Structure formats: C-alpha cells, structure tokens
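Step one of this worksheet: look at the structure below.
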2 protein chains.
Amino acid sequence: MTTTNAAQRRARAKVEYNAFLAACPSRQLLDRISDKWVVLVLCALGGDAAQTGAAGDAMAMRYSEISRLLAGASQKMLTQTLRALERDGVVTRTVTPTVPVTVTYELTDLGLSLHEVSRGLRNWAQNHMEEVLTRRTAYDDRAS
Amino acid sequence: MTTTNAAQRRARAKVEYNAFLAACPSRQLLDRISDKWVVLVLCALGGDAAQTGAAGDAMAMRYSEISRLLAGASQKMLTQTLRALERDGVVTRTVTPTVPVTVTYELTDLGLSLHEVSRGLRNWAQNHMEEVLTRRTAYDDRAS
DNA sequence: CAGTATCCAGCTAGATACTG
DNA sequence: CAGTATCTAGCTGGATACTG
C-alpha cells in the first residue's frame with residue numbers, strides 16, 4: 001500500500017493547512033497590505049510622503065503624481081496595485097474627460113482606516129526596529 | 001548621447017525609489033510580518049490556534065508541535081521562519097539535550113508585542129474584510 | 001496622460017533525500 | 001527529533017513596446 005499513502009498524506013496536509021489558514025483571518029488582510037507597492041501607495045495617498053508640499057492627511061492624486069512619487073515602480077505594478085485597491089474599495093478612481101484624460105485616485109473611508117492600521121505598524125516599527133536590528137547583529141556575531 | 005541616458009534615468013529612479021522606501025520605516029517591519037509563515041508561527045506560539053487545547057496566551061512549543069499545527073509548511077519553510085524570528089529576537093530557541101534532542105520555541109517580550117500588532121491587524125480584518133469582499137464582488141460584477 | 005500587452009529573469013517556496 | 005542540503009517549477013515583478 002505504498003501507492004496512495006504518500007498522496008493521501010499530502011492531500012491531508014493540504015486540508016489541515018487550509019483549515020489553519022481559514023482560522024487566521026488576518027491572512028486575508030495580510031495578502032493585501034503585505035504588498036510592497038500597496039503600502040507605498042497607501043503612504044502616498046495618506047500624505048505620509050510629505051515631499052509634494054502637503055503633509056499629514058489624505059489627498060487626491062493623479063496617476064502621474066503617484067508615479068513620480070513612487071519612482072521605481074513600473075506602470076505595470078502601479079496600475080496593478082491601484083486596480084486591486086480600487087477593486088477592494090480602498091481607493092476611488094475618478095476619470096475626468098479632459099483633453100488628455102485626467103485620472104485621480106483618493107483613499108476611501110475604508111482606505112483611510114487601512115492607512116491607520118499601517119500607521120500602527122509603522123509605530124511598532126519605529127519603536128522596536130532598533131531592538132530587532134541589535135538582536136540581529138548580535139545573532140550574526142554569535143554565529144562564528 | 002543615447003548611451004548613458006537610459007542608464008542614468010534608471011539609476012536616478014533607483015535612488016528616488018530607495019529614498020521613498022527609507023522614508024517609510026514600516027517597510028522593514030512589513031518585510032518581517034508580511035511573511036505567510038511568520039504570521040502563522042506567531043499565531044501558533046501566541047496561542048491563537050486553540051486547537052491544541054490551551055488558548056489565549058503564549059506558550060512554549062516544540063518544533064514537531066508547530067510542524068503538526070502548521071501542517072502544510074515544509075521543514076524548510078518552518079526552520080527558515082523560526083531561524084529568522086530567532087535572529088530578530090522575536091522567539092527563543094531552547095535546546096534540551098535529551099536522548100533525541102528536544103527543541104522548544106517561545107515568544108519573547110518583543111515577539112509578544114509583535115503578536116499584539118498582528119492582533120490589531122486581525123481585528124481590522126475581522127471588522128472590514130466583509131466590506132472588502134462585498135466591494136470586490138461588486139467590482140467584478142460591474143466589469144462585464 | 002494613463003494606461004494595456006507581452007516577454008523574460010530572478011527569486012521563492014515546495015519536493016525530496018540525507019544526518020547528528 | 002530536529003534539522004540540513006539540493007534541485008527545480010511557478011509565480012512575481014521588471015523591461016519594453018504599443019494605444020485610446
């Protein structure tokens with residue numbers, strides 16, 4: 001009976017794994033906010049960048065503004081991220097039919113609350129990152 | 001002068017991008033907690049699983065216990081994750097030299113506080129995920 | 001201006017086999 | 001029991017070119 005055994009164990013593991021995943025609802029959110037560009041877009045629209053002049057609170061931004069702020073993001077990633085966030089109701093996409101079309105993005109209430117969550121993360125990071133880094137180098141030194 | 005132009009633009013973009021990254025310290029943390037298995041290990045050691053009997057607060061767990069709880073995680077991923085967390089001072093790794101060696105993992109104070117952060121995330125997820133899902137299906141329906 | 005479409009390199013994570 | 005080592009498939013993200 002060696003034929004089905006391995007496959008069965010694998011299938012069983014798959015199920016248990018999914019069950020544990022389902023039991024941990026933060027996974028859903030994490031898949032959303034753990035994305036590199038999602039966080040950066042959130043920062044940008046939330047006004048954390050402060051390099052554009054205004055700072056502190058949410059603002060509507062044009063595609064090209066975001067693109068300029070997040071230099072290094074390809075259009076592909078930017079558009080993909082923006083679409084995903086729009087799909088989830090985190091940002092609004094407003095098309096103004098001017099001559100060359102104008103598109104602005106803005107955080108929704110949902111997006112603002114998500115931005116708040118990411119601020120909580122940022123706070124933790126600022127308070128503990130130094131300790132983490134210290135531990136990390138200590139660990140690396142210990143390992144001959 | 002078309003030779004250096006493209007490369008220069010690319011280099012410039014790289015710098016700006018990094019600058020914005022650096023300005024957003026949550027990236028560091030996100031790289032840590034956004035990992036699938038990190039969160040699950042955090043859940044396990046934090047006692048969120050509740051499938052082992054005890055529930056609610058932190059507990060020391062053996063490698064095999066974690067492995068059983070997170071069925072579906074390969075040893076590679078589990079070990080890798082555990083090592084990274086140990087390196088960052090989030091968990092402790094205790095080796096007891098019994099006959100077959102016994103290794104237990106436990107959250108440190110730092111790990112507990114990180115676990116709290118992830119609980120904040122979980123709360124947001126529980127409060128808003130339904131809305132996100134609604135928006136998402138609405139968006140998908142709209143797209144003919 | 002604000003995208004869409006396509007192709008491809010690199011990294012990650014899973015499978016598998018072996019060890020103190 | 002608690003790993004380490006190695007190979008590879010698949011997905012993600014970046015480059016590039018084209019469009020309403």
Side-chain angles (χ1 to χ4, degrees), chain A residues 2 5-14 16-18 21 31-32 34-41 60-87 91-106 143, chain B residues 2 5-14 16-18 21 31-32 34-41 60-87 91-106 143:
Chain A
T2 42
N5 242 338
Q8 280 181 345
R9 269 215 306 271
R10 194 151 307 289
R12 175 124 189 280
K14 213 83 177 183
E16 288 182 60
Y17 158 66
N18 285 331
L21 260 194
D31 288 344
R32 184 82 287 140
S34 72
D35 185 79
K36 184 180 181 175
W37 303 116
V38 164
V39 179
L40 290 176
V41 167
M61 291 179 78
R62 299 183 57 174
Y63 182 91
S64 49
E65 286 185 277
I66 303 175
S67 176
R68 219 168 299 124
L69 192 56
L70 305 193
S74 56
Q75 301 107 310
K76 182 189 176 183
M77 282 301 103
L78 192 53
T79 302
Q80 202 174 91
T81 304
L82 254 10
R83 280 287 181 287
L85 291 178
E86 186 199 0
R87 189 168 101 103
V91 304
T92 53
R93 177 174 179 269
T94 312
V95 182
T96 311
T98 47
V99 177
V101 68
T102 305
V103 181
T104 57
Y105 292 90
E106 191 165 13
Chain B
T2 42
N5 241 338
Q8 281 182 345
R9 268 214 308 269
R10 195 151 307 290
R12 175 123 190 279
K14 213 85 178 182
E16 289 183 58
Y17 157 65
N18 285 333
L21 262 194
D31 288 344
R32 183 82 288 139
S34 72
D35 185 78
K36 184 180 181 175
W37 303 115
V38 165
V39 179
L40 291 175
V41 167
M61 290 179 78
R62 300 182 55 175
Y63 181 89
S64 50
E65 287 186 276
I66 303 175
S67 176
R68 218 168 299 121
L69 191 57
L70 304 194
S74 57
Q75 301 107 308
K76 183 189 174 183
M77 280 303 102
L78 192 52
T79 301
Q80 202 175 92
T81 304
L82 254 10
R83 281 286 182 288
L85 292 179
E86 186 199 359
R87 191 167 99 104
V91 304
T92 54
R93 178 173 179 270
T94 311
V95 182
T96 311
T98 48
V99 177
V101 69
T102 304
V103 180
T104 58
Y105 292 90
E106 192 165 13

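Each chain gets a letter, A, B and so on, in the order the sequences are listed, and its residues count up from 1. Nothing here was measured: the structure is a model prediction, and the numbers come from that model.
The A/R83 side chain lies nearest to C/dG3 when the options are C/dG3, C/dA2, D/dA2. When distances are taken from the side chain of B/P100 to each of C/dG3, D/dC1, C/dA2, the shortest belongs to D/dC1.
Taking side-chain N and O atoms only, A/Y105 has a distance below 4.0 Å to OP1 or OP2 of C/dG3. Note on B/R93: a side-chain N or O is less than 4.0 Å away from OP1 or OP2 of D/dG3.
Rounding to whole angstrom units, CG of residue B/L78 and C1' of D/dA2 are separated by 10 Å. The interatomic distance linking B/M61 (CE) with D/dA2 (C1') rounds to 15 Å, in whole Å.
Each of B/T79 and B/R62 was matched to the nucleotide of DNA chain D holding its nearest heavy atom; the match closer to the 5' end belongs to B/R62.
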Produce the list of close N/O pairs, under 3.5 Å, pairing protein atoms with atoms of nucleotides 5-13 of chain C; give distances to one decimal.
residue : atom : partner : partner atom : Å
C/dA13  : N7   : B/K76   : NZ           : 2.9

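At distances below 3.5 Å, not a single donor-acceptor pair connects side-chain atoms of B/S67 with backbone N or O atoms of B/Y63.
One distance of note links CE of A/M77 with CG of A/L40; it measures 13.0 Å at 0.5 Å rounding. Between the CG atom of B/L82 and the OH atom of B/Y105 there is a distance of 4.0 Å, given to the nearest 0.5 Å. The CZ atom of A/R87 sits 15.0 Å away from the CZ atom of A/R93 when rounded to the nearest 0.5 Å. With values rounded to the nearest 0.5 angstrom, A/K76 atom NZ is found 11.0 Å from A/T81 atom OG1. Here the CZ-CG distance, from A/R83 to A/L85, works out to 11.0 Å after rounding to the nearest 0.5 Å. Atom OG1 of B/T92 sits about 8.0 Å away from atom CD of B/E86, to the nearest 0.5 Å.
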Which nucleotides of DNA chain D pair, in dot-bracket form (Watson-Crick or G-U under 3.5 Å, | meaning another strand): ||||||||||||||||||||
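Under the side-chain hydrogen bond (donor to acceptor under 3.5 Å, both in side chains) criterion, A/T96 pairs with no residue at all, not counting sequence neighbours.
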